Number of protein chains: 2
Amino acid sequence: MTAGTSLREVSRRAVQSRIARTAESLFSAKGFEETTVDEIAAAVGMSQRSFFRYFSSKDEVVLDSLERLGEDLASRLAERPSGEPEWDSLRRAFDLVVERFGDPVSREHDAAIQRIIDRSPRLLASYLCRLEHLQRMLTEALTARAGDGADPVVLRAMVGAAFACLHASAFPHIDEPDAFGPCLDRTMAALRPVDCR
Amino acid sequence: MTAGTSLREVSRRAVQSRIARTAESLFSAKGFEETTVDEIAAAVGMSQRSFFRYFSSKDEVVLDSLERLGEDLASRLAERPSGEPEWDSLRRAFDLVVERFGDPVSREHDAAIQRIIDRSPRLLASYLCRLEHLQRMLTEALTARAGDGADPVVLRAMVGAAFACLHASAFPHIDEPDAFGPCLDRTMAALRPVDCR
DNA sequence: GCAATGATTGACAGTCACTGACACTTCCGG
DNA sequence: CCGGAAGTGTCAGTGACTGTCAATCATTGC
């Protein structure tokens, strides 16, 4: 019954981010698999049980930030004019990621997270699952706006294709700063669907 | 030092498929998460320890068949004429999947597996990880054939896009038999990259 | 100021996936 | 008959996660 962000919610978020920061530095130092939840909890100064009250799994500590990115991406997409070709709307939504790459601080953070993910097959799996979920969200946003003129299967595939471009472009540019945006442009231009209105 | 398929390899495969069949029926009946490895081992008539000598994880029992599909897909792709546009080569490689859908027996089996996967988030994650690996394999096959004329990032993205089409087309046709092939054709035609030679 | 109430926590026990170590059997070539 | 190689069961242990319960802490109503 409380408004979206109650007082309790705020302090909960604060604890969560404290845990996340601690955990990420441990992960970067020792690796994800090699760091136990007990260690994280001890480093934060709480019991293992309490750790699981803030994050439903060890994976979630790392992937939590991705969740918010997904929501932002979806709202960006929703803001695009409905007349715009879907492919271009997706590209514009991805600007959010490009912008994050522009800021050195958040890029460094993102790169660290990506490194942690890439080094743990287990985490990578969860990560891909989140991406999948994210794609479903964007597909829904796109479907809602397209009305019933478009084929839902094609729309779903298009979102997947756009993400493939994003993924393929981001991968080689984790360490490189500014080449990412142009690379994404180039890739999405090359893969632009023929019958894109 | 032995040839690819030694006598021992064969019997190992036999045991593996016995385990897999047993496990899959248990998964279908009770669900993946609700079935313990102990139960599977007991049903097959071996110790838990031996189960893990045949499958490195519980996930693997389900995803093992996918591994072979990946290899077949890669070899199909390698067989395509190098002059053919990559997009079309990928579509032709996917015929393998379409053909599997044609056979009622294997379709029923695949559908059962897909149902198991979809109902377990944990399994779904592993599944997507395998798909990712599979895409990397196909990308390599494509890169090898394209020489150094093509952008590797674009190639990677194209494979991802093709898989997005496959995935999006397969999803609604698990139960429907023959609509799959045409749907895939339609989707891949709609998403065909503009500058596809 | 105080008691009832609800949220947060730690401690503990238990499940389950998975691993390493070791002892035992079987089978096969010498 | 003996040697080792391969396959197996048993056991103990780790680590992620869950349920439960009792203690604590803050809030609210009086």
Side-chain angles (χ1 to χ4, degrees), chain A residues 1-3 5-20 22-23 26-27 30-64 116-117 119-127 129, chain B residues 1-2 5-20 22-24 26-27 30-64 116-117 119-127 129:
Chain A
M1 200 50 73
T2 61
T5 320
S6 76
L7 212 125
R8 279 224 171 71
E9 287 294 321
V10 171
S11 81
R12 181 179 169 81
R13 274 288 158 98
V15 178
Q16 278 180 330
S17 81
R18 216 179 78 229
I19 296 174
T22 309
L26 284 173
F27 292 155
K30 303 182 42 179
F32 181 78
E33 321 261 13
E34 290 71 24
T35 308
T36 68
V37 175
D38 280 325
E39 286 170 343
I40 302 170
V44 181
M46 56 169 50
S47 69
Q48 193 213 50
R49 194 64 187 86
S50 282
F51 171 91
F52 283 111
R53 286 184 177 113
Y54 286 99
F55 291 99
S56 61
S57 74
K58 191 178 154 187
D59 299 357
E60 194 125 346
V61 184
V62 181
L63 303 180
D64 186 44
I116 295 171
I117 292 175
R119 285 179 192 159
S120 163
R122 173 136 157 34
L123 238 192
L124 179 60
S126 305
Y127 169 72
C129 200
Chain B
M1 200 52 72
T2 61
T5 320
S6 77
L7 211 127
R8 281 223 170 70
E9 286 295 320
V10 171
S11 82
R12 180 179 170 80
R13 275 288 157 97
V15 177
Q16 279 181 330
S17 82
R18 203 158 53 90
I19 297 175
T22 309
E24 278 161 23
L26 284 174
F27 292 155
K30 304 182 41 177
F32 181 77
E33 321 261 14
E34 290 73 24
T35 307
T36 68
V37 175
D38 279 325
E39 286 170 343
I40 302 170
V44 181
M46 57 169 51
S47 69
Q48 192 213 50
R49 194 65 186 85
S50 281
F51 171 92
F52 283 111
R53 285 183 177 114
Y54 286 99
F55 291 100
S56 62
S57 74
K58 192 178 155 187
D59 299 357
E60 194 123 349
V61 184
V62 181
L63 303 181
D64 187 44
I116 295 172
I117 292 175
R119 285 178 191 160
S120 162
R122 173 136 157 33
L123 240 192
L124 179 60
S126 305
Y127 169 73
C129 201

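We name chains A, B, ... by the order of the sequence lines, and we start the count at 1 in each one. Nothing here was measured: the structure is a model prediction, and the numbers come from that model.
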> OP1 or OP2 of D:dG9 sitting under 4.0 Å from any side-chain N/O of B:Ser50?
Replying inline: yes
>> So, using salt bridge (charged side-chain N to carboxylate O under 4.0 Å, His left out) as the criterion, who are the partners of B:Glu60 when residues are at least two apart?
In response: B:Arg130
Figure out the [atom1]/[atom2] separation between [X] and [N], and round it to whole Å.
{"X": "B:Asp59", "N": "C:dC16", "atom1": "CG", "atom2": "P", "answer": "16 Å"}
{"X": "B:Ile40", "N": "C:dA17", "atom1": "CD1", "atom2": "C1'", "answer": "11 Å"}
{"X": "B:Glu39", "N": "C:dT15", "atom1": "CD", "atom2": "C1'", "answer": "12 Å"}
{"X": "B:Glu33", "N": "D:dA16", "atom1": "CD", "atom2": "P", "answer": "18 Å"}
{"X": "A:Phe32", "N": "D:dG15", "atom1": "CZ", "atom2": "P", "answer": "14 Å"}
{"X": "A:Arg12", "N": "C:dT9", "atom1": "CZ", "atom2": "C1'", "answer": "13 Å"}
{"X": "B:Phe51", "N": "D:dT10", "atom1": "CZ", "atom2": "P", "answer": "17 Å"}
{"X": "A:Glu34", "N": "D:dG15", "atom1": "CD", "atom2": "P", "answer": "11 Å"}

> Can you name the residues that form a side-chain hydrogen bond (donor to acceptor under 3.5 Å, both in side chains) with B:Glu33, not counting sequence neighbours?
Replying inline: B:Ser120
> By side-chain hydrogen bond (donor to acceptor under 3.5 Å, both in side chains), which residues pair with B:Asp64, not counting sequence neighbours?
Replying inline: B:Arg68
>> Students often get this wrong, so: under 4.0 angstrom with heavy atoms, is B:Tyr54 touching a base, only sugar-phosphate, or nothing?
In response: sugar-phosphate
> Is a side-chain donor or acceptor of B:Gln16 paired with a backbone partner of B:Tyr54 at a separation under 3.5 angstrom?
Replying inline: yes
> Does A:Ala42 have any side-chain contact (heavy atoms from CB on, under 4.5 Å) partners at least two apart in sequence or in another chain, and if so, which?
Replying inline: none
>> Measuring from atom CD of B:Gln48 to atom OG1 of B:Thr36, what distance do you get when rounded to the nearest 0.5 angstrom?
In response: 8.0 Å
>> Please pick, from D:dA16, C:dA17, C:dG10, the nucleotide with the shortest atom-to-atom distance to any side-chain atom of A:Ser47.
In response: C:dG10
>> Per the salt bridge (charged side-chain N to carboxylate O under 4.0 Å, His left out) rule, what does the pair list look like for residues 36-54 of chain A, sequence neighbours excluded?
In response: A:Lys30-A:Glu39
Contacts under 3.5 Å, N or O only, protein and nucleotides 19-23 of chain C:
from: C:dG20; atom 1: N7; to: B:Arg49; atom 2: NE; distance (Å): 3.3
from: C:dG20; atom 1: N7; to: B:Arg49; atom 2: NH2; distance (Å): 3.0
from: C:dG20; atom 1: O6; to: B:Arg49; atom 2: NE; distance (Å): 2.8

